[in-house]
Amino acid sequence: MESDILDSHGFLIGEELEGDDFHYVEEDQKNENIGPSSIPYPSSTGSKNNDLIRNSRIGELASNKAGLQGIDKEKVKQIIYEASKNSAFYLNEEKKDEALSIKLKQMMKKYESLKKQNLSTINSKVDNLVQVAERERDLSHIIVHIDMDAFYASIEERDNPSLRNKPMAVGDNSMLTTSNYEARNYGVRSAMPGFIAKKLCPELIIVPCNFDKYRAVSKQIREIFSRYDPDYTPMSLDEAYLDITKYLDTIDESPDNVVEQIRREIHEETKLTASAGIAANKLLAKICSDLNKPNGQYRLQNNVDDIMNFIRPLSVRKIPGIGRVTERILNEMDIKTCGAILDNRVYIHQMFSSSSFNFFIRAALGIGSNIVKTDHKRKSKSISRTFSSLSKPDDLYEKLRELADHLAADLLKERLQGKTIAITFKLVNFKMITRERSVKKYIHTADDIYNIGKQVIFININRIIPLQTFESTLITFINRF
DNA sequence: GCGGATCAC
DNA sequence: TATGGTGATCCGC
Ligand SMILES: Nc1ccn([C@H]2C[C@H](O)[C@@H](COP(=O)(O)OP(=O)(O)OP(=O)(O)O)O2)c(=O)n1
Ligand SMILES: [Mg+2]
């Protein structure tokens with residue numbers, strides 16, 4: 001029963017590794033071009049379909065993250081929709097949305113039947129599980145999450161004062177990595193195509209990425225972090241967790257003052273601003289770092305009452321690991337806030353896997369990992385490129401050759417070898433196909449990668465053209481030498 | 001072990 | 001004209 005229906009959507013992504021710590025991302029971006037983006041949010045459902053079980057990725061942008069005071073969210077949605085509709089990208093989003101709606105309907109059937117049942121026996125069992133979770137609460141650490149403000153954009157503004165006080169974004173006409181706060185007032189956001197952003201804000205200035213600069217600044221701020229916690233955990237170029245419990249023992253200062261000082265040092269040494277959250281664990285610190293952004297900080301006291309009062313009214317979407325899809329699933333069950341997660345714990349228990357249940361409950365209780373460590377072993381190394389569509393096998397092989405060479409060079413830098421190779425194809429209709437293959441011997445050379453990739457292409461040639469994006473990943477590592 | 005989905009930045 | 005790149009996890013087979 002656990003979660004037969006909910007099949008795929010993988011919740012848990014971050015926290016649930018929990019016992020240890022969050023995941024961790026190192027030196028991102030290598031791409032020269034422009035790069036970035038992840039899961040675009042494009043469109044908006046300008047066309048109103050009354051079906052509530054539909055609309056996840058469509059719209060929902062104007063998240064208020066930073067401003068949007070004066071702007072009309074509906075207008076923004078409309079403009080994005082007009083610019084997106086009928087595009088291959090948008091059609092694919094609609095298709096994914098449709099598939100999700102079908103799953104949701106199934107889930108709702110189960111949910112409705114649960115509501116009719118007498119769950120009193122389950123009830124006490126679930127309450128017991130909540131108590132077990134509660135026992136894991138640890139309020140003995142002071143954890144800080146630091147997050148630079150509009151990171152890439154702030155660096156570009158710093159280095160080119162003519163960009164200041166104007167709506168500006170970093171990327172190119174195809175994709176933006178981030179925008180400054182002025183641009184956010186127009187609805188311009190990370191992972192938005194530049195050409196759409198310009199419809200929202202015709203005066204928008206778009207500057208190209210300089211990843212080397214961002215990496216250099218990242219190095220600077222990490223050095224500052226190390227002064228306060230040598231074991232700090234970097235989560236990306238602009239973000240890290242620190243456990244300043246020990247540091248506080250060495251001085252007579254409040255957590256707030258220490259964090260003020262960290263942010264001051266960042267500003268003095270980089271001329272950039274950061275925001276921070278201070279709380280008992282990583283989950284809460286992360287949520288807090290967003291509250292007074294930009295250039296602010298927020299302290300949540302290590303106190304159960306304060307924590308519960310803080311988390312109860314929070315939208316589930318604020319929980320790291322609950323994204324667009326999971327939010328929509330929960331909303332279907334009338335669960336919009338963390339408090340509602342607790343209220344509906346029995347249903348959550350019946351609807352989801354036990355690990356998902358634990359993840360939701362812990363989040364709703366404000367319980368999270370407080371383990372902050374630097375050590376990290378990568379589990380995969382990948383390279384991907386998007387290009388104008390290709391259909392001739394030989395062209396695909398040529399692309400594969402380039403990627404294989406590049407990947408092999410990267411592997412060499414870290415002396416890595418692996419025994420599983422994954423090739424991901426993104427078709428021009430944005431459908432993605434992954435084919436993975438394990439080999440007996442560890443591989444690391446460009447030729448090995450190329451030869452395996454070539455077979456994979458050959459076997460799948462009919463379903464992967466015309467091709468738009470090509471990605472090659474090596475997994476299952478051990479070190480060479 | 002594989003393939004699709006989700007999530008973060 | 002045009003919707004990224006990198007790394008990780010979960011679920012159902
Ligand atoms: N989909 C994304 C999201 C972010 N980034 C890059 C650009 C950002 O500058 C940087 C940090 O991401 P954040 O989510 O912290 O966003 P910002 O720092 O830009 O803004 P803020 O933290 O003030 O909201 O990562 C990216 O390339 N692609
Ligand atoms: Mg940031």
Side-chain angles (χ1 to χ4, degrees), chain A residues 2-18 22-43 56-57 80 83-84 87-93 96 99-100 103 147-148 151-152 171-178 190-198 209 211 214 234-239 286 317 319-329 352-353 355-356 359 376 378-388 407 410 419-420 422-424 426 428 430-438 468-471 473 475-476:
Chain A
E2 287 297 40
S3 87
D4 36 5
I5 293 177
L6 204 235
D7 53 287
S8 18
H9 348 271
F11 320 110
L12 296 296
I13 294 308
E15 192 58 7
E16 130 322 335
L17 26 162
E18 235 349 289
F22 252 96
H23 44 190
Y24 168 120
V25 195
E26 191 55 1
E27 315 308 73
D28 339 310
Q29 254 31 76
K30 289 272 196 155
N31 196 2
E32 294 302 322
N33 328 345
I34 284 69
S37 156
S38 70
I39 298 156
Y41 281 6
S43 26
S56 56
R57 51 205 100 230
I80 294 175
S84 297
S87 68
F89 176 86
Y90 184 75
L91 293 177
N92 184 248
E93 293 299 303
K96 288 195 288 186
L100 178 58
K103 280 178 190 163
D147 184 331
M148 301 294 290
F151 189 51
Y152 297 177
D172 65 17
N173 274 337
S174 292
M175 186 52 57
L176 304 179
T177 60
T178 193
S190 288
M192 178 181 281
F195 68 92
I196 289 181
K198 279 193 166 149
C209 294
F211 293 113
Y214 313 149
M235 298 299 294
S236 67
L237 289 183
D238 87 317
E239 220 170 285
K286 165 111 179 126
R317 188 57 193 279
I319 302 298
I322 298 184
R324 186 213 295 136
V325 171
T326 310
E327 178 189 35
R328 182 172 156 198
I329 292 169
F352 299 95
S353 71
S355 81
S356 289
F359 166 67
H376 169 256
R378 81 157 62 247
K379 298 190 171 67
S380 69
K381 186 91 190 75
S382 69
I383 169 135
S384 87
R385 285 293 178 269
T386 292
F387 36 79
S388 47
L407 182 55
D410 284 352
K419 45 185 333 118
T420 303
I423 310 283
T424 298
K426 186 161 83 188
V428 291
F430 287 86
K431 183 177 158 58
M432 315 234 339
I433 296 176
T434 302
R435 288 295 175 267
E436 202 177 293
R437 163 176 305 211
S438 294
Q468 182 181 214
T469 296
F470 205 7
E471 176 172 338
T473 305
I475 324 175
T476 319

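The basis for the numbers below is simple: all heavy atoms, side chains too, and nothing from hydrogens, waters or symmetry mates. All chains are named by letter (A, B, ...) in the order of the sequence lines, taking the proteins before the strands, and each is independently numbered beginning at 1.
If you check C:dT3, B:dC2, C:dT6 against the side chain of A:F89, the one that comes closest is C:dT3. Side-chain proximity of A:M175 to C:dA8, B:dG1, C:dT3: nearest is C:dT3. Distance from the side chain of A:S174 is smallest to C:dT3 among B:dT6, C:dT3, C:dC11. Comparing atom distances between the A:T434 side chain and each of C:dT6, B:dT6, B:dG4 picks out B:dG4 as nearest. Residue A:S382 places its side chain closer to C:dT6 than to any other of C:dT6, B:dC2, C:dC11.
Here the C1' atom of nucleotide C:dT6 and the CZ atom of A:R385 are 10 Å apart, to the nearest Å. Separating the OH atom of A:Y90 from the P atom of C:dA2 is a distance of 18 Å, rounded to the nearest angstrom. Computed from coordinates, the A:R324 CZ to B:dA5 C1' distance equals 11 Å when rounded to whole Å. Here the P atom of nucleotide B:dG3 and the CD1 atom of A:I475 are 10 Å apart, to the nearest Å. Going from atom CD1 of A:I433 over to atom C1' of B:dG4 covers 11 Å, rounded to whole Å. Summarising the geometry, the separation between NZ on A:K431 and P on B:dG3 is reported as 13 Å, rounded to the nearest angstrom. Between the CG atom of A:N173 and the P atom of C:dT3 there is a distance of 11 Å, rounded to whole Å. Going from atom CZ of A:R437 over to atom P of B:dG1 covers 15 Å, rounded to whole Å.
Under the 3.5 Å distance criterion, with hydrogens and angles disregarded, no donor-acceptor pair is assigned to the side chains of A:S87 and A:S84. For the residue pair A:T473 / A:S380, no side-chain donor-acceptor distance below 3.5 Å is found, with atom types taken as modelled.
Salt bridge status for A:K96 with A:E93: present, with a side-chain N to carboxylate O gap under 4.0 Å. Remark: A:E471 does not engage A:R385 in a salt bridge, criterion side-chain N to carboxylate O under 4.0 Å.
Between A:Q468 and A:I383, the residue anchored closer to the 5' end of DNA chain C is A:Q468, taking for each the nucleotide with the nearest heavy atom. Heavy-atom nearest nucleotides on DNA chain B were determined for A:A99 and for A:I319, and the one closer to the 5' end corresponds to A:A99.
Donor-acceptor pairing under 3.5 Å, judged by distance alone, is absent between the side chain of A:S384 and the base of C:dT6.
The closest donor-acceptor contact from the side chain of A:T386 to the backbone of A:T469 lies at 3.5 Å or more, if one exists at all.
Base contact: A:S87 has a heavy atom under 4.0 Å from a base atom. Residue A:F151 is classed as having no contact, given no heavy-atom separation below 4.0 Å to the nucleic acid.
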